[in-house]
S.K.: 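The structure's right below; bear with me while I get my questions together.
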Amino acid sequence: MEQNLQKLLHFWGKTPEHEEDYYNLQGIRASKSFYTSPRGLSLFARSWVPLSTPPRGIICMVHGYGNDISWSFQSTPVFLAQNGFACFALDLEGHGRSQGLKAFVPHVNLVVDDCTSFFASVQKDPQYQGLPSFLYGESMGGAICLLIHFANPSAFRGAILVAPMCKISDNVRPRWPIPQILMFLARFFPTLPVVPTTDLLDKSVKVAEKKIVAGMNPMRYRGRPRLGTVAELLRVTDYLSSRLWDVEIPFIVLHGSADTVTDPEVSRALYEEARSRDKSMKIYDGMMHSLLFGETDENVEIVRRDILTWLENRC
C-alpha cells in the first residue's frame, strides 16, 4: 500500500516546488494565474497544453462541489494535454484558491457567468482561435456546463459530462420535510454549515489509497454543506431535470452504476430526452462517483480512453 500511495501522490502531495519538472516530464506546459471575473472576483486559473505540438482542440473544464483544480483533478487535463488538447480551468467561487467563502455558492448563475467570461477569453486568444472547443464538467461542474450551454448554445462543439449533477441522488438528498426547512432557513442564514450529510469522499472514491490522497488535499472542504449552497444546488438541479429536453449540444455522458452521489438514472434520462442529434452514453458497471480518480487505474484508463475516442472523432 505504501508503494502505491507514493505512486499516487505525484508532485502535488510531496514536492510542489518541482511542478515544472513534473509537467515537462509529462510532455506538457502548464501555467497558473488569477483571472478577474466581470463581477470583480479573483479566481485561480490553470492551463495545461501540449509542449511540442500545436493543440488540436480546446477543453474548458469545470470541477465539482468541494473540489479544486490543483489536486487529483489535474490528472485528467494532464492526460488530455498529452494527447493534443489545450485544457483550461478555474477554481470556482469559494473553492480552491479563488475568492469567496469556502464552499459557499450563493448564485450558480453568477458562477456560470464567471466561467463563460473566462472561457471566452481563452477562445479569443490568437493562438487558440479557430480551434474546436469543448466543455468538460464533473458532478456539479457537469450541471454548470449545461447551464453554460443554455446561456450560449453555439459557443462549444460538444460537452463531456462526467457524473453530472442534473439531480442530487435520493441517497444523499435530505428527506422531506428537511429540504423545505433548509430552503426556509437559507433565506436568513445562508452561510451556516449545518446541513446533515455523510462524507462525500467515502461515497465517491473506491480505492483505499486514493481516499488517503484525496483526503490530503489542503484545499478540500471538510465541513458540512452550507445552507445557501444546498438550497441553490437543489434549485439548480430541479431546474435542469425539468429542461433535459432543451439540451442540444453534442455530448457524451459518463456515469458509474454504483454512484450514490449523483443519479445515473438521470444521466440515462438526459441521454434519452435531450434533443442533441449527436449524443453518447457510457454507464460503467460497479463504478462509483469519482470515475477519473477514485477508481482502480484500469477503470480510470477505460473512462479516459472513451473520452479521448469521443474527442478524436469530433476533431
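In this text, all values refer to a predicted model and were calculated from it rather than measured experimentally. One is the number of the first residue; the rest follow in order along the sequence.
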S.K.: Taking the side chain from Lys102 and the backbone from Gly66, do they hold a donor-acceptor pair closer than 3.5 Å?
M.R.: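 Looks like no, no N/O pair under 3.5 Å.
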S.K.: Does the side chain of Arg243 come under 3.5 Å of the side chain of Tyr239 through a donor N or O and an acceptor N or O?
M.R.: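 Present: a donor and an acceptor within the cut-off.
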S.K.: Mind checking what makes salt bridge (Lys or Arg N to Asp or Glu O under 4.0 Å) contact with Arg157, not counting sequence neighbours?
M.R.: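 None.
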S.K.: On the 0 to 90° scale, with breaks at 30° and 60°, tag the Phe73-Trp48 ring pair as parallel, tilted or perpendicular.
M.R.: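 Rings of Phe73 and Trp48: tilted, 30 to 60°.
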S.K.: Under the 3.5 angstrom rule, does the side chain of Thr229 hit a backbone N or O of Ala103 as a donor-acceptor pair?
M.R.: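 Such a contact is found between Thr229 side chain and Ala103 backbone.
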S.K.: Tell me if a side-chain donor or acceptor on Arg314 pairs with a main-chain N or O of Trp310 at a distance below 3.5 Å.
M.R.: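 Answer holds: yes.
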S.K.: Between CE of Met288 and CG of Asp202, what distance do you get to the nearest 0.5 Å?
M.R.: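 The distance works out to 8.0 Å.
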S.K.: How would you list, by chain and number, every residue that makes a salt bridge (Lys or Arg N to Asp or Glu O under 4.0 Å) with Arg29, sequence neighbours excluded?
M.R.: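 Here no residue qualifies.
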S.K.: Between side-chain atoms of residues 265-272 and protein atoms elsewhere (two or more places apart, or another chain), which donor-acceptor pairs fall under 3.5 Å?
M.R.:
residue, atom, partner, partner atom, Å
Glu265, OE2, Arg268, NE, 3.1
Ser267, OG, His255, ND1, 2.7

S.K.: Ignoring hydrogens and geometry beyond distance, is a side-chain donor-acceptor pair present between Ser133 and Gln123 at under 3.5 Å?
M.R.: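 Checked: Ser133/Gln123 side chains pair up, N/O donor to acceptor below 3.5 Å.
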S.K.: Is it the case that Tyr65 and Glu138 place a side-chain donor and acceptor less than 3.5 Å from each other?
M.R.: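 No - no donor-acceptor pair under 3.5 Å links their side chains.
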S.K.: Using side-chain heavy atoms (C-beta onward) and a distance below 4.5 Å, is Phe85 in contact with Val49?
M.R.: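 SC-SC contact between Phe85 and Val49 ruled out.
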S.K.: What residues, two or more places apart in sequence or in another chain, satisfy side chain to side chain contact (heavy atoms under 4.5 Å, CB included) together with Thr36?
M.R.: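 Partners of Thr36 under the side chain to side chain contact (heavy atoms under 4.5 Å, CB included) test: none.
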S.K.: In the structure I gave you, are the side-chain heavy atoms of Leu311 and Arg56 within less than 4.5 Å of one another anywhere?
M.R.: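 Side chain of Leu311 against side chain of Arg56, heavy atoms only: no contact under 4.5 Å found.
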S.K.: Would you kindly confirm whether Leu185 and Leu234 end up in one hydrophobic cluster when ILVMFWY residues are joined by side chain heavy atoms under 4.5 Å apart?
M.R.: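 Same cluster.
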S.K.: With Asp306, which residues qualify under side chain to side chain contact (heavy atoms under 4.5 Å, CB included), at least two apart?
M.R.: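 Once residues adjacent in sequence are excluded, the partners of Asp306 under the side chain to side chain contact (heavy atoms under 4.5 Å, CB included) criterion are Leu254, Lys282, Tyr284, Ile302.
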S.K.: Is Tyr136 close to Cys87 at the side-chain level, that is, under 4.5 Å between some pair of heavy atoms?
M.R.: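 With C-beta onward as the side chain, the pair stays apart.
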S.K.: Distance only, no hydrogens: is a donor on one side chain within 3.5 Å (strictly under) of an acceptor on the other, for Thr116 and Asp113?
M.R.: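 The criterion, which ignores hydrogens and geometry beyond distance, is not satisfied for Asp113 and Thr116.
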S.K.: So do His289 and Ser139 actually touch side chain to side chain, heavy atoms under 4.5 Å?
M.R.: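 They are in contact (side-chain heavy atoms under 4.5 Å apart), so the answer is yes.
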S.K.: Does CG in Asp285 sit with more than 12 non-hydrogen atoms of other residues, nucleotides or ligands closer than 6.0 Å?
M.R.: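 No, not enclosed.
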S.K.: Quick one: ring pair (Phe, Tyr, Trp, His ring centres under 6.0 Å) partners of His63, sequence neighbours excluded?
M.R.: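 Expected list: His95.
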S.K.: To the nearest 0.5 Å, what is the distance between CG on Leu41 and OG on Ser117?
M.R.: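 So the gap between those two atoms works out to 11.5 Å.
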S.K.: Output yes when a side-chain donor or acceptor of Arg46 lies under 3.5 Å from a complementary backbone atom of Lys32, and no otherwise.
M.R.: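 No; zero donor-acceptor contacts below 3.5 Å.
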S.K.: Test your reading of the model: is there a side-chain donor-acceptor pair from Gln82 to the backbone of Gln26, 3.5 Å cut-off?
M.R.: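 Yes, Gln82 side chain to Gln26 backbone: donor-acceptor pair under 3.5 Å.
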S.K.: Looking at Gln99 and Ser42, would you say the former's side chain and the latter's main chain have a donor-acceptor pair under 3.5 Å?
M.R.: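 Here the side-chain-to-backbone pair exists.
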S.K.: Could you state whether Tyr22 and Ile28 fall into the same hydrophobic cluster, counting links through intermediate Ile, Leu, Val, Met, Phe, Trp or Tyr residues with side-chain heavy atoms under 4.5 angstrom apart?
M.R.: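 Yes; tracing contacts between hydrophobic side chains, which count when under 4.5 Å, links both residues.
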S.K.: Decide yes or no for Val105 and Leu233: does some side-chain heavy atom of the first lie under 4.5 Å from some side-chain heavy atom of the second?
M.R.: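 The answer is no, as the side chains (C-beta and beyond) never meet within the 4.5 Å cut-off.
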S.K.: Do Asn67 and Tyr221 come within less than 4.5 Å of each other through their side chains, counting heavy atoms only?
M.R.: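 A side-chain contact is absent here, since even the closest heavy-atom pair is not under 4.5 Å.
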S.K.: Are Val78 and Ile69 linked, directly or through other ILVMFWY residues, by side chains that come within less than 4.5 angstrom of each other?
M.R.: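 Yes.
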S.K.: Sequence neighbours left out, what passes ring pair (Phe, Tyr, Trp, His ring centres under 6.0 Å) with Tyr35? Give chain and number order.
M.R.: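 Applying ring pair (Phe, Tyr, Trp, His ring centres under 6.0 Å) to Tyr35 gives Phe118.
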S.K.: Rounded to the nearest 0.5 Å, how far apart are CG of Asn313 and CG of Leu308?
M.R.: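 The CG atom of Asn313 sits 9.5 Å away from the CG atom of Leu308.
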S.K.: Give the cluster check for Ile212 versus Val205: same hydrophobic cluster or not, with ILVMFWY residues linked at side-chain heavy-atom distances below 4.5 Å.
M.R.: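 In one cluster with Ile212: Val205, no.
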S.K.: Quick one: list whatever passes salt bridge (Lys or Arg N to Asp or Glu O under 4.0 Å) with Arg222, sequence neighbours left out.
M.R.: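 Arg222 satisfies salt bridge (Lys or Arg N to Asp or Glu O under 4.0 Å) with no residue once adjacent residues are dropped.
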S.K.: Identify whether NZ of Lys or CZ of Arg in Lys210 sits under 6.0 Å from the centre of the six-membered ring of Phe293 and within 45° of that ring's axis.
M.R.: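 Checked: cation-pi criterion met.
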S.K.: Could you give all pairs that pass the side chain to side chain donor-acceptor pair (under 3.5 Å) test and reach residues 83-94, with sequence neighbours left out?
M.R.: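 Side chain to side chain donor-acceptor pair (under 3.5 Å) check on residues 83-94 returns Arg39-Glu93.
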S.K.: Going by the rule ring pair (Phe, Tyr, Trp, His ring centres under 6.0 Å), which residues pair with Phe88 if we only count those two or more places apart in sequence or in a different chain?
M.R.: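 Once residues adjacent in sequence are excluded, the partners of Phe88 under the ring pair (Phe, Tyr, Trp, His ring centres under 6.0 Å) criterion are Tyr128.
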S.K.: Do Trp71 and Gln74 have side-chain heavy atoms sitting under 4.5 Å apart?
M.R.: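 Sidechains of Gln74 and Trp71: no contact.
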S.K.: May I have the step-by-step check of side-chain contact (heavy atoms from CB on, under 4.5 Å) for Phe134 and Phe156, ending in yes or no?
M.R.: CA-CA 5 Å; Phe134 301 88; Phe156 295 91; 5.7 Å; no
S.K.: Might you work through the side-chain contact (heavy atoms from CB on, under 4.5 Å) test for Ile252 and Ile307, ending with a clear yes or no?
M.R.: CA-CA 8 Å; Ile252 181 171; Ile307 290 172; 5.5 Å; no
S.K.: Evaluate the side-chain contact (heavy atoms from CB on, under 4.5 Å) criterion for residues Asp297 and Asn299: first the C-alpha distance (whole Å), next the side-chain angles of each, then the deciding distance (0.1 Å), finally the verdict.
M.R.: CA-CA 5 Å; Asp297 290 347; Asn299 282 351; over 6 Å; no
S.K.: Spell out, yes or no, whether Leu192 and Val195 are grouped together once hydrophobic residues are joined by side-chain heavy atoms under 4.5 Å, including indirect joins.
M.R.: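 Yes, Leu192 and Val195 fall within the same hydrophobic cluster.
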S.K.: Using ring pair (Phe, Tyr, Trp, His ring centres under 6.0 Å) as the criterion, list what pairs up with Phe150, not counting sequence neighbours.
M.R.: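 Applying ring pair (Phe, Tyr, Trp, His ring centres under 6.0 Å) to Phe150 gives none.
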S.K.: Are Ser75 and Arg304 close enough, and set up right, to give a side-chain contact (heavy atoms from CB on, under 4.5 Å), and what steps lead you there?
M.R.: CA-CA 10 Å; Ser75 60; Arg304 283 179 172 180; 3.7 Å; yes
S.K.: Do Phe189 and Val194 touch side chain to side chain, with heavy atoms closer than 4.5 Å?
M.R.: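 No, too far: nothing below the 4.5 Å cut-off.
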S.K.: Got a sec, which hydrophobics cluster with Phe104, joining ILVMFWY side chains under 4.5 Å apart, including via others?
M.R.: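 Result for Phe104 is Leu101.
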S.K.: Kindly compute the distance separating SG (Cys115) from CD1 (Ile148), expressed to the nearest 0.5 Å.
M.R.: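 Reported value, rounded in 0.5 Å steps: 4.5 Å.
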S.K.: Just by modelled atom types, is the Asp238 backbone N or O under 3.5 Å from a matching donor or acceptor in the Ser241 side chain?
M.R.: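 Flag set: sc Ser241 to bb Asp238 pair under 3.5 Å.
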